[in-house]
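Just below is one structure, and these are the notes that go with it.
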Amino acid sequence: MTDARNGSSGESARGAKGPDELRHQVEETRSQLGATVEELAAKADVKGRARARAADLRDKAGAMTVQLRSSAAQAGHAVQDKASHMGHVVQDKASHVGHTVQERASHMGHTVQERASHAGHAVQERASHAGHTVQERASHVGHTVEERRHAAEQRLPQPVRTVWVTGRRHPGVAWATLGALTAVGAWQVWRAYRRMK
């Protein structure tokens, strides 16, 4: 809104033709400034009222705090007295219950210890049996895999089998042979390419 007014003032200032028009423009600008000042004063007044309201609320909160502290102190003394009395009662009952629980716990401890020992032996026997079973199966699987590998090698043609067995026993020789064959193949391709030119 203010930008629009300033824009129109700027346009009339560029188009001013004489002192009368300039006076008119000055009066119009003063009027706009007065309205702006009134708006700012109204905003400042709202802030002042808000501060007064906040001060009033602080005073009320202070009074309520004092009253609550007094009430809390009285209630605290009453609760402390009742808690002390109840503490003695509970302590007596807890002592009696504690002895009973201690006796029962001791008896249950012996029973649990015996059962745990028996269960431990049973678990140990089962684990030992399971270990032997797994070991036997692993050994059987190992033999089966070795037999199948050997049978697969026997089905290969003799030159391929020789290279395969040598490669398994001496991987360095296998890689060197593969590198040499690759180099020979690349050399032959290069020679064929040169002949085509």
Side-chain angles (χ1 to χ4, degrees), residues 54 57-58 60-62 64-197:
L57 289 174
R58 275 195 302 271
K60 287 182 180 177
M64 288 296 292
T65 301
V66 170
Q67 185 178 355
L68 287 173
R69 282 182 184 166
S70 174
S71 299
Q74 291 175 359
H77 291 304
V79 168
Q80 189 175 4
D81 292 341
K82 288 181 181 177
S84 177
H85 176 69
M86 288 300 294
H88 292 303
V89 173
V90 168
Q91 189 174 4
D92 292 341
K93 290 183 178 178
S95 177
H96 178 69
V97 169
H99 291 303
T100 306
V101 167
Q102 188 174 3
E103 290 173 3
R104 290 182 182 173
S106 177
H107 177 70
M108 288 298 293
H110 292 303
T111 305
V112 168
Q113 189 174 3
E114 290 173 4
R115 290 181 181 174
S117 177
H118 179 69
H121 290 304
V123 167
Q124 190 174 3
E125 289 175 6
R126 289 179 185 171
S128 176
H129 179 68
H132 291 305
T133 303
V134 167
Q135 190 173 3
E136 289 172 4
R137 289 181 181 172
S139 176
H140 179 69
V141 168
H143 290 307
T144 304
V145 167
E146 185 62 27
E147 288 171 2
R148 289 182 182 174
R149 184 193 57 76
H150 184 68
E153 286 179 359
Q154 294 302 318
R155 286 194 296 270
L156 292 173
Q158 182 60 38
V160 175
R161 185 180 338 142
T162 303
V163 170
W164 174 261
V165 171
T166 304
R168 275 189 349 109
R169 290 182 183 161
H170 308 286
V173 173
W175 282 108
T177 305
L178 181 61
L181 290 174
T182 303
V184 168
W187 180 71
Q188 289 178 350
V189 169
W190 181 75
R191 280 185 61 199
Y193 174 74
R194 295 286 292 173
R195 286 181 189 157
M196 288 170 52
K197 282 186 165 185

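All figures in this text were calculated on a predicted structure; none of them were measured in a lab.
With hydrogens and angles ignored, the 3.5 Å screen pairs no side-chain donor or acceptor of S84 with any backbone N or O of Q80. Although no hydrogens or angles enter the test, the distance criterion places a donor-acceptor pair under 3.5 Å between the side chain of T65 and the main chain of A61.
Atom CD of Q91 sits about 7.5 Å away from atom NE2 of H88, to the nearest 0.5 Å.
Counting heavy atoms of neighbouring residues, nucleotides and ligands inside a 6.0 Å radius, atom CD of Q124 does not exceed 12 of them.
Checked against side-chain hydrogen bond (donor to acceptor under 3.5 Å, both in side chains), E125 has no partners two or more places apart in sequence or in another chain.
The residue from Q113, R115, E114 that alone fulfils the side-chain contact (heavy atoms from CB on, under 4.5 Å) condition with T111 is R115.
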